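Note that the coordinates shown come from a computational prediction; the quantities given were computed from them, not determined experimentally. Residue numbers start at 1 and run along the sequence shown.
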Amino acid sequence: MQSLMIKILGIPLALVLANFLFRSVDFEFVQPFIWITVILAPLGVLLEYIMVPRISYGKQLAVDFATSFVLVYLLGLVLPGVTISLWGSLLVAILITCMEAMVHKHLISDHMDHSYR
């Protein structure tokens, strides 16, 4: 549950940061932030339940990066008021993966009972 709350707060923050920092990312409305968060956060937690006990840390980050990249780009194409290029979705995926790296390190280092056992 702690991981889900971090993602619900972190993903919109990463999207807002990308919106202000990168020219290739442009969100005109608030709704795309909500939709991307609603899709990525539970999917990220599901991937953690599946991956953390089974594969290495580097592979977890690679899967998180690929998932974030593809979903942000596809949702950017589908959602109204979003203009995002491949380069922009790559940069957003890097920001989200950095957040995921800290979450995974926290979960692994503190040996938290995250119900993947």
Exercise. Taking C-beta and beyond as the side chain, do Glu48 and Gln60 meet within less than 4.5 Å on heavy atoms?
Worked result: no
Problem set entry | Approximate separation, where rounding is to 0.5 Å, of Cys98 SG and Asp64 CG | 11.5 Å
For this session: Answer with yes or no whether the hydrophobic clustering places Val16 together with Ile96; edges join I, L, V, M, F, W, Y residues whose side-chain heavy atoms lie under 4.5 Å apart.
Result: yes
For this session: Give a yes or no on whether Leu15 and Leu77 share a hydrophobic cluster (residues Ile, Leu, Val, Met, Phe, Trp, Tyr; joining criterion: side-chain heavy atoms under 4.5 Å apart).
Result: yes
Exercise. With Ile36, which of Leu75, Leu71, Val92 fulfils side-chain contact (heavy atoms from CB on, under 4.5 Å)?
Worked result: Leu75
For this session: Establish whether Leu74 and Phe65 are linked, either directly or via other cluster members, by ILVMFWY side-chain heavy-atom contacts under 4.5 Å.
Result: yes
Exercise. Does some side-chain heavy atom of Gln2 sit less than 4.5 Å from a side-chain heavy atom of Ile6?
Worked result: yes
Seminar exercise, completed: Here the pair of heavy atoms bringing Leu95 nearest to Ala14 is CD1-O, 3.6 Å
Exercise. Considering all heavy atoms of both residues, which atom of Pro32 and which atom of Pro80 are nearest to each other, and what is their separation?
Worked result: CG-O, 3.6 Å
Exercise. Are side-chain heavy atoms of Ile8 and Leu4 found at a separation under 4.5 Å?
Worked result: yes
Exercise. Counting distance only, does the side-chain N/O of Tyr57 pair as donor-acceptor with the main-chain N or O of Lys105 below 3.5 Å?
Worked result: no
Problem set entry | From CD1 (Ile11) to CZ (Phe33), nearest 0.5 Å | 12.5 Å
Exercise. Is Trp35 close to Val82 at the side-chain level, that is, under 4.5 Å between some pair of heavy atoms?
Worked result: no
Seminar exercise, completed: What one should report as the nearest heavy-atom pair of Ser24 and Gly88 is OG-CA, 3.2 Å
Exercise. Do Met99 and Leu13 belong to the same hydrophobic cluster, where Ile, Leu, Val, Met, Phe, Trp and Tyr are linked whenever their side-chain heavy atoms lie under 4.5 Å apart, directly or via other members?
Worked result: no
Exercise. Under a 4.5 Å side-chain heavy-atom rule over Ile, Leu, Val, Met, Phe, Trp and Tyr, are Leu21 and Ile94 clustered together?
Worked result: yes
For this session: Might you point out which heavy atoms bring Leu40 and Ser68 nearest each other, and give the distance in Å?
Result: CD2-CA, 4.3 Å
Problem set entry | Closest non-hydrogen atom pair, Lys7 against Val103 | NZ-CG1, 4.4 Å
Exercise. Looking only at atom types and distance, does a side-chain atom of Asn19 sit under 3.5 Å from a main-chain N or O of Phe27, one as donor and one as acceptor?
Worked result: yes
Seminar exercise, completed: The reported gap from CG in Leu86 to CG in Leu91 (rounded to nearest 0.5 angstrom) is 11.0 Å
Seminar exercise, completed: Exactly one candidate in Val70, Val25, Val72 meets side-chain contact (heavy atoms from CB on, under 4.5 Å) with Ser89; the answer is Val72
